[in-house]
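Input: a single structure, listed below in structure tokens.
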Amino acid sequence: ITTIKSRHRDINSIQNMLRAVGSMNPAPMLSIDALLFLAKNYNCWHEVRRMLETQLKELKKVPSLIPNKYFDKLESAIRRCYLELGESDVWMSMKSGVCEHPDVKWATSLDMYGKVNKAMHAYSLLVEKMEAAFVKHQNGASIVEPAPSESEISFVEDRWIALHKEMGQWAVLEDFADDTECSKLSMECAWKMRDWE
């Protein structure tokens, strides 16, 4: 006698609800923050990404009615979905599309095409330029070159850290963590370098 075992399968009701809502025509416009909350807490990144992309597609048909800030937030949410899904290439490609500063675009393109050493050098130069500009600004000097936006600065810093991690340059990261008082990075460096003092 053969017994058939039924497999236990977890049912994610939030995923099913989002699939149902996402298949509606016309698609309802849901809050970006609410969708990201559901994606994070109920592992619905695929469903939320699809809904956000549909929302973006529909809103691009009537751009004059929607403020640019909302488009930026929507595109940022879509990029986050790709990043959480492990699609770092798509995320990087989308992020490079919104970068406006030429040096950030250059460093990002090197990073996208796997030129790790050159990208790290370009990001390092950018970090040095931004630090020098900040010091000049603090001293009251005028800055001639346009500065990257805050989101670009944050992106550059994140990629600089990621590339140093990839290259195993934990001593450099430890110095950076100490300078910026980033305890999480400091702990990670201590763990990687086995330095617990």
Side-chain angles (χ1 to χ4, degrees), residues 32 36 39-40 45-46 48-49 52-53 56 68-69 71-197:
I32 296 170
L36 287 176
K40 181 179 179 186
W45 293 105
H46 287 286
V48 168
R49 178 201 48 83
L52 291 171
E53 285 178 340
L56 182 63
N68 285 341
K69 213 173 195 180
F71 276 114
D72 294 343
K73 186 175 180 178
L74 190 55
E75 288 174 341
S76 176
I78 293 169
R79 285 193 307 272
R80 174 149 181 229
C81 287
Y82 278 112
L83 188 60
E84 293 292 336
L85 289 168
E87 296 287 347
S88 56
D89 290 341
V90 177
W91 171 77
M92 183 75 72
S93 173
M94 290 180 74
K95 188 64 180 176
S96 72
V98 296
C99 291
E100 295 178 4
H101 195 275
D103 292 341
V104 176
K105 281 183 177 264
W106 173 248
T108 305
S109 65
L110 291 170
D111 196 359
M112 278 177 24
Y113 291 109
K115 309 277 186 194
V116 177
N117 289 325
K118 289 181 179 181
M120 191 162 36
H121 180 70
Y123 286 130
S124 295
L125 287 175
L126 266 167
V127 169
E128 288 171 15
K129 272 185 180 180
M130 289 185 277
E131 286 174 351
F134 179 74
V135 169
K136 280 183 183 177
H137 178 70
Q138 294 289 53
N139 293 334
S142 62
I143 301 169
V144 178
E145 189 176 322
S149 67
E150 282 193 36
S151 67
E152 289 175 321
I153 291 170
S154 175
F155 171 72
V156 166
E157 187 176 279
D158 290 345
R159 291 306 303 154
W160 184 85
I161 291 170
L163 289 176
H164 275 82
K165 284 180 182 180
E166 192 176 313
M167 298 294 287
Q169 297 180 345
W170 296 102
V172 173
L173 288 172
E174 184 178 36
D175 292 341
F176 177 77
D178 291 342
D179 291 345
T180 59
E181 298 177 359
C182 181
S183 58
K184 184 178 177 184
L185 182 59
S186 185
M187 290 294 288
E188 188 176 357
C189 290
W191 175 64
K192 289 289 186 177
M193 295 170 56
R194 293 180 171 82
D195 179 19
W196 299 108
E197 293 180 26

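In this chain, residues are counted from 1 in sequence order. Here the structure is a predicted model, which means the values were calculated and not measured.
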Can you measure from CZ (Phe176) to SG (Cys182) and round to the nearest 0.5 angstrom? 7.5 Å
Could you grab the distance from atom CE of Met94 to atom CG of Leu83, nearest 0.5 Å is fine? 11.0 Å
Side-chain atoms of residues 156-175: list all donor-acceptor pairs with protein atoms under 3.5 Å, sequence neighbours left out, distances to 0.1 Å.
from   : atom 1 : to     : atom 2 : distance (Å)
Arg159 : NE     : Asp111 : OD2    : 2.6
Arg159 : NH2    : Asp111 : OD1    : 3.1
Arg159 : NH2    : Asp111 : OD2    : 3.0
Trp160 : NE1    : Ser124 : OG     : 3.0
His164 : ND1    : Trp160 : O      : 2.9
His164 : NE2    : Gln169 : OE1    : 3.2
Lys165 : NZ     : Glu188 : OE1    : 3.0

Roughly how far apart are Lys40 NZ and Leu36 CG, rounded to 0.5 Å? 10.0 Å
Correct closest heavy-atom pair for Lys105 and Ser96 would be NZ-O, 3.8 Å
What is the distance from atom CG of Leu74 to atom CG of Leu56, rounded to the nearest 0.5 Å? 5.0 Å
Name all pairs fulfilling the side chain to side chain donor-acceptor pair (under 3.5 Å) condition that reach into residues 72-89, sequence neighbours left out, sorted by first residue then second. Asp33-Lys73, Glu53-Tyr82
Does any pair with a residue in residues 113-123 pass salt bridge (charged side-chain N to carboxylate O under 4.0 Å, His left out), and if so which ones, sequence neighbours excluded? none
Does a sphere of radius 6.0 Å around OH in Tyr113 hold more than 12 heavy atoms from other residues, nucleotides or ligands, not counting ones at 6.0 Å or beyond? no
Please determine whether the number of non-hydrogen atoms from other residues, nucleotides or ligands lying under 6.0 Å from atom CH2 of Trp91 exceeds 12. yes
Determine the minimum heavy-atom distance between Phe155 and Met92, stating which atoms define it. CZ-SD, 3.7 Å
Tightest non-hydrogen contact, residues Ala107 and Ala122, listed as CB-CB, 3.7 Å
